[in-house]
Amino acid sequence: MRINIIKVSSLLITVVIVTIMTGLHYLKQQAEKPLSIDEPFLLTINKGQFSNSILKQLQQQSLVDDTLGLKVMLKVMPELAKVKAGTYELIPGMNGIDVFQLIASGKEKQFALTLVEGLRWQDWKQQITHHPYIHVGEDFNDNIQAFTQDIEGQSLEGWLMPDTYHFVAGTKAFTIVKWAYNEMRKELDLQWQNRYQNLPYATPYEALIMASIIEKETAKAQERSRISGVFVNRLRLNMRLQTDPTVIYGIKDFDGDIRRKDLRQATPYNTYLIKGLTPTPIAMPSKLAIHAALNPLATDELYFVSKGDGSHHFSQTLQEHNRAVRQYQLKR
């Protein structure tokens with residue numbers, strides 16, 4: 001009789017164990033079911049959210065059908081419940097356990113913002129402040145205004161380095177501006193130390209202004225140092241730079257078509273009327289444009305004119321330049 005009781009008890013224990021193991025296996029299978037997504041999905045976890053709230057969020061967003069398996073797995077693996085706030089990228093093939101492993105790791109989605117050379121501060125400001133994952137606080141404009149009081153030109157024009165910047169969701173717009181400024185400051189200081197001697201620039205800022213003009217004058221890398229050489233020659237001879245991009249910069253609401261009357265319009269940026277450099281840069285120059293400004297080609301050329309294909313014809317004399325203008329501009 002006692003033996004039978006022991007046998008029955010052993011059988012019951014075995015059944016219970018098998019039932020528990022089967023149940024755990026089923027729940028584990030549920031937790032490991034792939035998410036209901038067929039393309040990358042951004043999941044934002046707010047500060048103060050706990051695992052139960054996240055489980056509810058996953059279900060409400062139709063990422064998982066049932067959360068019971070995940071609840072059990074979070075009890076079995078409590079380290080996964082130590083979630084970190086942020087925005088995370090979920091990709092097809094991930095399951096619920098993968099989601100919590102990602103959230104616990106704190107490896108947030110890295111966003112990228114490419115700021116292109118040759119554009120102006122107002123263009124970059126638009127791009128930065130309208131990015132959906134960049135935070136623009138109410139104090140952004142005040143911070144910019146205070147920041148520019150302490151830099152040369154009291155303007156951000158030219159002072160931000162063209163590059164691709166990576167950041168996590170919620171990064172402040174002013175933070176990205178400071179990143180770009182610091183990169184430009186560092187690059188300009190480095191190149192200034194390695195510049196050609198006897199250039200007609202009193203400060204690195206003047207070189208930055210020249211670099212911005214070079215950036216707007218040509219998109220052809222091989223022409224940058226040659227154009228720089230022309231401008232340097234003109235500065236040394238106290239000749240006006242006479243460059244259209246500076247005129248355009250000084251025109252409010254420029255419509256894309258420069259006219260003769262624009263060349264006669266008096267603005268601080270009209271280098272057909274003023275001598276020397278403009279008060280500020282006219283765009284964000286690239287590293288290559290800065291290098292060209294500080295390492296001009298040694299040349300006797302004083303003029304250049306667009307050929308209409310992105311390249312330029314260079315001339316040493318006004319007579320030759322006028323012929324080139326007739327050939328490439330007036331016949332068009």
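One-based numbering along the sequence shown.
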Working for side-chain hydrogen bond (donor to acceptor under 3.5 Å, both in side chains), residues E223 and H312:
CA-CA 8 Å; E223 285 193 345; H312 295 81; 2.8 Å; yes
Do [X] and [Y] share a hydrophobic cluster, counting only Ile, Leu, Val, Met, Phe, Trp and Tyr and linking them when any side-chain heavy atoms are less than 4.5 Å apart?
{"X": "V99", "Y": "I37", "value": "yes"}
{"X": "I103", "Y": "F111", "value": "no"}
{"X": "I91", "Y": "I45", "value": "yes"}
{"X": "L156", "Y": "V136", "value": "yes"}
{"X": "L288", "Y": "L297", "value": "no"}

How far does [atom1] of [X] sit from [atom2] of [Y], to the nearest 0.5 angstrom?
{"X": "T280", "Y": "L277", "atom1": "OG1", "atom2": "CG", "result": "10.5 Å"}
{"X": "E117", "Y": "K287", "atom1": "CD", "atom2": "NZ", "result": "11.5 Å"}
{"X": "T246", "Y": "E217", "atom1": "OG1", "atom2": "CD", "result": "8.0 Å"}
{"X": "E138", "Y": "N141", "atom1": "CD", "atom2": "CG", "result": "11.0 Å"}
{"X": "I251", "Y": "N270", "atom1": "CD1", "atom2": "CG", "result": "8.0 Å"}
{"X": "T278", "Y": "L241", "atom1": "OG1", "atom2": "CG", "result": "8.0 Å"}

Where is the tightest heavy-atom contact between [X] and [Y], given as atom of each residue plus distance?
{"X": "L102", "Y": "M94", "result": "CD2-CE, 4.1 Å"}
{"X": "P285", "Y": "P162", "result": "O-CD, 3.2 Å"}
{"X": "T271", "Y": "V247", "result": "N-CG2, 4.4 Å"}
{"X": "W121", "Y": "M284", "result": "CA-CE, 3.6 Å"}
{"X": "A112", "Y": "T164", "result": "CB-CG2, 3.9 Å"}
{"X": "K220", "Y": "D309", "result": "CE-O, 4.1 Å"}

For the side chain of [X] and the backbone of [Y], is there at least one donor-acceptor N/O pair under 3.5 Å apart?
{"X": "Q127", "Y": "L115", "result": "no"}
{"X": "D262", "Y": "I258", "result": "no"}
{"X": "H130", "Y": "Q126", "result": "yes"}
{"X": "T148", "Y": "I144", "result": "yes"}
{"X": "N46", "Y": "Q49", "result": "no"}

Using the side-chain hydrogen bond (donor to acceptor under 3.5 Å, both in side chains) rule, take Q110 and E89 through it: C-alpha gap first, then chi angles, then the decisive distance, then the call.
CA-CA 9 Å; Q110 292 285 320; E89 185 175 48; over 6 Å; no
More than 12 heavy atoms of other residues, nucleotides or ligands under 6.0 Å from [atom1] of [X]: is that the case?
{"X": "F254", "atom1": "CZ", "result": "yes"}
{"X": "Q149", "atom1": "CD", "result": "yes"}
{"X": "Q222", "atom1": "CD", "result": "yes"}

Do the side chains of [Y] and [X] get nearer than 4.5 Å, heavy atoms only?
{"X": "L188", "Y": "P204", "answer": "yes"}
{"X": "L58", "Y": "L43", "answer": "yes"}
{"X": "T267", "Y": "Y249", "answer": "no"}
{"X": "T129", "Y": "I134", "answer": "no"}
{"X": "T218", "Y": "R226", "answer": "no"}
{"X": "W179", "Y": "T175", "answer": "yes"}
{"X": "I227", "Y": "F314", "answer": "yes"}
{"X": "P279", "Y": "P268", "answer": "yes"}

Pair up each side-chain donor or acceptor in residues 66-85 with any protein partner under 3.5 Å, not counting sequence neighbours, and list the distances.
from, atom 1, to, atom 2, distance (Å)
D66, OD1, L68, N, 2.8
K84, NZ, A104, O, 2.6

Evaluate the side-chain hydrogen bond (donor to acceptor under 3.5 Å, both in side chains) criterion for residues E187 and Q191: first the C-alpha distance (whole Å), next the side-chain angles of each, then the deciding distance (0.1 Å), finally the verdict.
CA-CA 6 Å; E187 182 67 24; Q191 293 212 37; 2.8 Å; yes
For D123, check salt bridge (Lys or Arg N to Asp or Glu O under 4.0 Å) against everything at least two apart and list the hits.
R120
Worked check of salt bridge (charged side-chain N to carboxylate O under 4.0 Å, His left out) between E183 and K186:
CA-CA 5 Å; E183 288 301 309; K186 183 166 56 177; 3.4 Å; yes
Applied to residues 182-212, the ring-ring contact (aromatic ring centres under 6.0 Å, His included) test, sequence neighbours excluded, yields W159-Y205
Is the charged tip of R264 near the ring of Y272: under 6.0 Å from the six-membered ring centre and within 45° of its axis?
no
Run the side-chain hydrogen bond (donor to acceptor under 3.5 Å, both in side chains) check on Y303 and Q316 step by step: do they pass?
CA-CA 6 Å; Y303 308 91; Q316 294 183 17; over 6 Å; no
If you apply the rule side chain to side chain contact (heavy atoms under 4.5 Å, CB included), what do you find for Y165 with T114, and how did you get there?
CA-CA 6 Å; Y165 295 90; T114 300; over 6 Å; no
Would L42 and K109 satisfy side chain to side chain contact (heavy atoms under 4.5 Å, CB included), going step by step from the backbone distance to the final call?
CA-CA 8 Å; L42 295 180; K109 162 73 174 176; 4.0 Å; yes
Should the ring pair F167 and H131 be called parallel, tilted or perpendicular, given that the plane angle runs from 0 to 90° and is split at 30 and 60?
perpendicular
Please tabulate, one pair per line, all N/O donor-acceptor pairs under 3.5 Å involving side-chain atoms of residues 230-237, not counting sequence neighbours.
from, atom 1, to, atom 2, distance (Å)
N233, ND2, G229, O, 3.3
N233, ND2, T299, O, 2.8
N233, ND2, E301, O, 3.0
R234, NE, R240, O, 2.8
R234, NH1, L302, O, 2.6
R234, NH2, R240, O, 2.7
R234, NH2, Q242, OE1, 2.8
R236, NH2, N198, O, 2.8

Taking the six-membered ring for Trp, is the centroid-to-centroid distance between F174 and F147 below 6.0 Å?
yes
Sequence neighbours left out, cut at 3.5 Å: what donor-acceptor pairs do the side chains of residues 209-216 make with other protein atoms?
from, atom 1, to, atom 2, distance (Å)
S212, OG, I209, O, 2.7
S212, OG, I282, N, 3.0
E215, OE1, S286, N, 2.7
E215, OE1, S286, OG, 2.6
K216, NZ, G118, O, 3.1

Partner set under side chain to side chain donor-acceptor pair (under 3.5 Å) for S51, not counting sequence neighbours
none
